[in-house]
Amino acid sequence: MKKIATLIVMLFASSIGFAQSGSKIEFNQAENTIDYGKIYKQSDNGIREFTFTNTGNAPLTIIAIQSTASCTITYKPSQPILPGKSDRIEIKYNMVPGPIRKTITVETNAVNYEEGRVPLKIKGEVISN
């Protein structure tokens, strides 16, 4: 009897875990990464954008964005993104010559990322002219 009760509790708990409802964020970039490639400092402004869609069933809110000293957030949505709608986060890398390996953390109310924290990555190399 204990085994059956335990099994029922486990099945119930697992079904709750899979029935996540709420806002879900999905980025269009593979692995949430933008690859600058090899770029020249004088011929590139360093601005790129991450586009995303709310694939959940509740409004998606961007609470905060944390970036490193070498990245500036030039645009982020100020209003919640409704289900099925898309928006963007625009960043500007300061174009210091050398390799680019940075992570930007987006804090959201999305249920498909642990604690709603979404890592966005940029990579590449800046070459001085």
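As the structure is a prediction and not an experimental result, all values here were calculated from the model.
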Item to check | Criterion side chain to side chain contact (heavy atoms under 4.5 Å, CB included) on V111 and K24, from CA distance to verdict | outcome: CA-CA 6 Å; V111 297; K24 294 180 183 172; 3.8 Å; yes
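- By the ring pair (Phe, Tyr, Trp, His ring centres under 6.0 Å) test, F50 pairs with no residue at all, sequence neighbours left out.
- When all heavy atoms of T74 and I91 are compared, the closest pair comes out as OG1-N, 4.1 Å.
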Next on the checklist: Assess the residue pair I81 and K85 against the criterion (side chain to side chain contact (heavy atoms under 4.5 Å, CB included)); give the C-alpha distance rounded to whole Å, side-chain angles, the decisive distance to 0.1 Å, and a yes or no.
Outcome noted: CA-CA 6 Å; I81 296 87; K85 299 296 181 184; 3.8 Å; yes
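- For Y113, the side chain to side chain contact (heavy atoms under 4.5 Å, CB included) partners two or more places apart in sequence, or in a different chain, are I25, N32, V118, P119.
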Checklist entry - Should I39 and I127 be marked as a side chain to side chain contact (heavy atoms under 4.5 Å, CB included) after you check the CA-CA gap, both sets of side-chain angles, and the distance that decides it? => result CA-CA 6 Å; I39 53 175; I127 302 167; over 6 Å; no
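- Closest approach of N45 and I47 over heavy atoms only: OD1-N, 3.0 Å.
- Under a 4.5 Å side-chain heavy-atom criterion applied to ILVMFWY residues, the cluster that includes L82 comprises that residue alone.
- Heavy-atom neighbours of K92 NZ from other residues, nucleotides or ligands within 6.0 Å: above the threshold of 12.
- In plain terms, the two heavy atoms of N109 and P59 that are nearest each other are ND2-O, 3.1 Å.
- Remark: the T53 side chain and the E26 side chain contain no N/O donor-acceptor pair separated by less than 3.5 Å.
- A distance of 11.5 Å separates NZ of K123 from CD1 of I34, quoted to the nearest 0.5 Å.
- For the side chain to side chain donor-acceptor pair (under 3.5 Å) test, no residue two or more places apart in sequence or in another chain qualifies with D35.
- Between atom CD1 of residue I100 and atom CE of residue M95 there is a gap of 6.5 Å, rounded to the nearest 0.5 Å.
- Smallest separation of non-hydrogen atoms from S21 and N57: CB-ND2, 3.6 Å.
- Residues V126 and P99 have side chains not in contact (no heavy-atom distance under 4.5 Å, counting atoms from C-beta outward).
- In this structure, the salt bridge (charged side-chain N to carboxylate O under 4.0 Å, His left out) partners of E49, at least two apart in sequence or on a different chain, are R88.
- Scored by the side chain to side chain donor-acceptor pair (under 3.5 Å) test, Y75 finds D87 as partners (sequence neighbours excluded).
- Sorted by first and then second residue, the side chain to side chain donor-acceptor pair (under 3.5 Å) pairs with a member in residues 96-105 form an empty list; sequence neighbours excluded.
- N112 contributes no side-chain N or O that, together with a main-chain N or O of G56, makes up a donor-acceptor pair within less than 3.5 Å.
- Under a 3.5 Å cut-off, the side chain of N54 and the backbone N or O of S23 do not form any donor-acceptor pair.
- Judged by distance alone, with hydrogens and angles left aside, the side-chain atoms of Y36 form no donor-acceptor pair with the main-chain N or O of E125 at under 3.5 Å.
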Name every donor-acceptor pair, under 3.5 Å, that has one atom in a side chain of residues 62-69 and the other anywhere in the protein, sequence neighbours excluded.
from : atom 1 : to   : atom 2 : distance (Å)
Q66  : NE2    : E107 : OE2    : 2.7
S67  : OG     : C71  : O      : 3.1
T68  : OG1    : S70  : OG     : 3.2

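- Checked against ring pair (Phe, Tyr, Trp, His ring centres under 6.0 Å), F52 has the following partners two or more places apart in sequence or in another chain: F27.
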Next on the checklist: Using the rule given for side chain to side chain contact (heavy atoms under 4.5 Å, CB included), can you reason through E90 versus I73, listing the C-alpha separation, both sets of side-chain angles and the distance that settles it, and then say yes or no?
Outcome noted: CA-CA 6 Å; E90 188 177 271; I73 307 303; over 6 Å; no
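- Here D44 pairs with R48 under the side chain to side chain donor-acceptor pair (under 3.5 Å) rule; sequence neighbours left out.
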